[in-house]
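Below is one structure, written out as structure tokens; the observations come after it.
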Amino acid sequence: MLKKERHALIIKEINLHNKVLSSDLALQLNVSEDTIRRDLNEMDEAGTIVKVHGGALSRSYHYPFQQNDIYAGEAKKEIAKKGMDLIKDGMVVLTGGGTTVLQMVGMLPPTRTATIFTISPLVALQLADHPLITVILIGGQFSKNSQVCVGTQVVSYLSEIRFDICFLGTNGISIGDGLTDSDLDIVQVKKAMIKASNKLAIMCVAEKLNTVQRMRVCELHQIDCLITDLEPDDSALNAYRRENIQLY
């Protein structure tokens, strides 16, 4: 495979999953990790990705307030609109981070009243000017890679509250493996968020359907709502429909 082709595939994987590991890319592309590291260094210097220890991040995910070229921006905007409609007056809501969640809370009308807890400082900042939303940032160790708070302090805090609905993005979702991710700290926090919530809404671009990451977050039956950029009756969602998940 030519370097140009390899870089194009790396960019696609990073944009789709927000974060990738060098070891996974090496296996996927059938090259050495040294080759991948050189690729990532070149791409970081060119400004197309953000290289981090053990892998790389999407620039639009790492700098969401500075980027106009968010990957699958229109699809994420459609997902955000659908998610916003699930937030009703008086609800106690919990959110993760990510560009889709940021767009969703930014769309909330000024008349909407709710209490929103979040592990994402960026989400809290997005809501800073909303006149009627009470915003509570759940603090802990800040993950520079994922832009959210993680650790035992966050997990302990979550165990004390019951939320009406939780909105999470995902790095992978499939019929056989459920919800999956690639970061152990994020997985532990997401598990605590799910346990603390009456309803779980997963926000996912269609490209991520039927993809699997290394670590399981939850079984498919624990998901109440799957929000994608597809129409709910799209045939690509048939397998998820059979799992009695509400599709939006």
Side-chain angles (χ1 to χ4, degrees), residues 1-76 96-102 119-120 122 141-151 168-191 202-218 228-229:
M1 183 182 291
L2 297 174
K3 182 193 287 188
K4 186 176 181 180
E5 295 173 316
R6 201 166 60 241
H7 283 199
L9 284 171
I10 290 171
I11 281 287
K12 181 179 179 181
E13 285 298 302
I14 290 174
N15 282 335
L16 186 57
H17 298 293
N18 300 323
K19 177 184 178 182
V20 293
L21 302 177
S22 301
S23 56
D24 289 345
L25 287 173
L27 283 173
Q28 186 176 347
L29 300 177
N30 195 29
V31 296
S32 69
E33 286 195 48
D34 283 340
T35 297
I36 293 297
R37 278 192 287 270
R38 286 194 294 271
D39 286 341
L40 296 183
N41 281 331
E42 289 180 22
M43 296 166 76
D44 181 74
E45 289 173 4
T48 56
I49 64 163
V50 178
K51 187 178 184 298
V52 296
H53 179 71
L57 303 172
S58 160
R59 287 191 65 82
S60 66
Y61 185 78
H62 200 63
Y63 304 113
F65 288 151
Q66 300 176 24
Q67 295 287 109
N68 294 318
D69 56 343
I70 293 174
Y71 181 73
E74 288 304 310
K76 291 179 178 180
T99 50
T100 310
V101 174
L102 276 170
I119 60 170
S120 167
L122 299 179
Q141 178 186 340
F142 182 65
S143 169
K144 295 179 181 178
N145 291 348
S146 301
Q147 306 279 287
V148 296
C149 296
V150 296
L168 289 176
T170 182
N171 274 337
I173 184 171
S174 71
I175 296 299
D177 292 274
L179 205 66
T180 53
D181 211 308
S182 59
D183 187 307
L184 181 60
D185 290 331
I186 298 297
V187 167
Q188 296 307 313
V189 169
K190 283 186 174 182
K191 286 183 175 181
I202 298 302
M203 310 172 83
C204 175
V205 293
E207 287 182 82
K208 289 186 182 181
L209 295 172
N210 309 316
T211 65
V212 180
Q213 298 294 299
R214 287 175 176 263
M215 303 171 194
R216 179 171 292 170
V217 177
C218 73
T228 75
D229 49 307

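All residue numbers refer to positions in the sequence shown, counting from 1.
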Return the CG to SG distance between Asn171 and Cys204, rounded to the nearest 0.5 Å. 9.5 Å
Closest non-hydrogen atoms of Gly151 and Val189, given as atom of the first, atom of the second and distance, are N-CG2, 3.9 Å
If you take all heavy atoms of Leu21 and Ser182, which pair is closest and at what distance? CD1-O, 4.4 Å
Are Glu13 and Asp24 packed together at the side-chain level, in the sense that at least one heavy-atom pair is separated by less than 4.5 angstrom? no
Measure the shortest side-chain to side-chain distance between Val50 and Asn145 over non-hydrogen atoms and say whether it is less than 4.5 angstrom. no
Quick check: closest heavy atoms across Lys144 and Gln147, and the distance to 0.1 Å? O-NE2, 2.8 Å
Hey, could you give me the CE/CD1 distance between Met43 and Ile11, rounded to the nearest 0.5 Å? 3.5 Å
Given the options Thr211, Val212, Val187, Thr180 meets side-chain contact (heavy atoms from CB on, under 4.5 Å) only with Val212
Across all chains, not counting sequence neighbours, the side chain to side chain donor-acceptor pair (under 3.5 Å) partners of Lys3 are Glu42
Side chains of Gln188 and Val150, heavy atoms from C-beta outward: is any pair under 4.5 Å? no
From Arg38 atom CZ to Glu33 atom CD, the distance as rounded to the nearest 0.5 Å: 12.0 Å
I'd like to check Leu122 versus Val101 (side-chain heavy atoms, cut-off strictly below 4.5 Å). Are they in contact? no
To check you understand the geometry: which heavy-atom pair defines the closest contact between Ser58 and Ile14, and what is its length? N-CG2, 3.2 Å
Side chains of Leu209 and Ile173, heavy atoms from C-beta outward: is any pair under 4.5 Å? yes
Between Asp44 and Lys51, is there a donor-acceptor pair closer than 3.5 Å when you use the side chain of the first and the backbone of the second? yes
Exactly one candidate in Thr35, Asp34, Asp39 meets side chain to side chain donor-acceptor pair (under 3.5 Å) with Arg37; the answer is Asp34
Any donor-acceptor pair under 3.5 Å linking the side chain of Lys208 with the backbone of Thr170? yes
Scanning both residues in full, the closest heavy-atom pair of Ala206 with Asp229 reads N-OD1, 2.8 Å
NE2 on His7 to OG1 on Thr48, rounded to 0.5 Å: 8.0 Å
Within the 4.5 Å heavy-atom criterion, are Leu40 and Ser22 side-chain neighbours or not? yes
What's the spacing between Ile119 CD1 and Leu168 CG if we round to 0.5 Å? 7.5 Å
Look up atom NZ in Lys191 and atom CG in Leu179, then write down how far apart they are to the nearest 0.5 Å. 11.0 Å
Close side-chain approach of Ser146 and Asp183, heavy atoms under 4.5 Å: yes
Does any N or O in the side chain of Thr100 come within less than 3.5 Å of the main-chain N or O of Lys76, such that one atom is a donor and the other an acceptor? no
Minimal heavy-atom distance between Arg59 and Gly47, with the atoms involved, is CD-O, 2.6 Å
Determine whether Gln28 and Leu9 satisfy the following criterion, side-chain contact (heavy atoms from CB on, under 4.5 Å), listing intermediate values before the conclusion. CA-CA 10 Å; Gln28 186 176 347; Leu9 284 171; over 6 Å; no
Going by side chain to side chain donor-acceptor pair (under 3.5 Å), Asp181 matches just one of Gln213, Lys190, Arg216, Arg214. Which one? Lys190
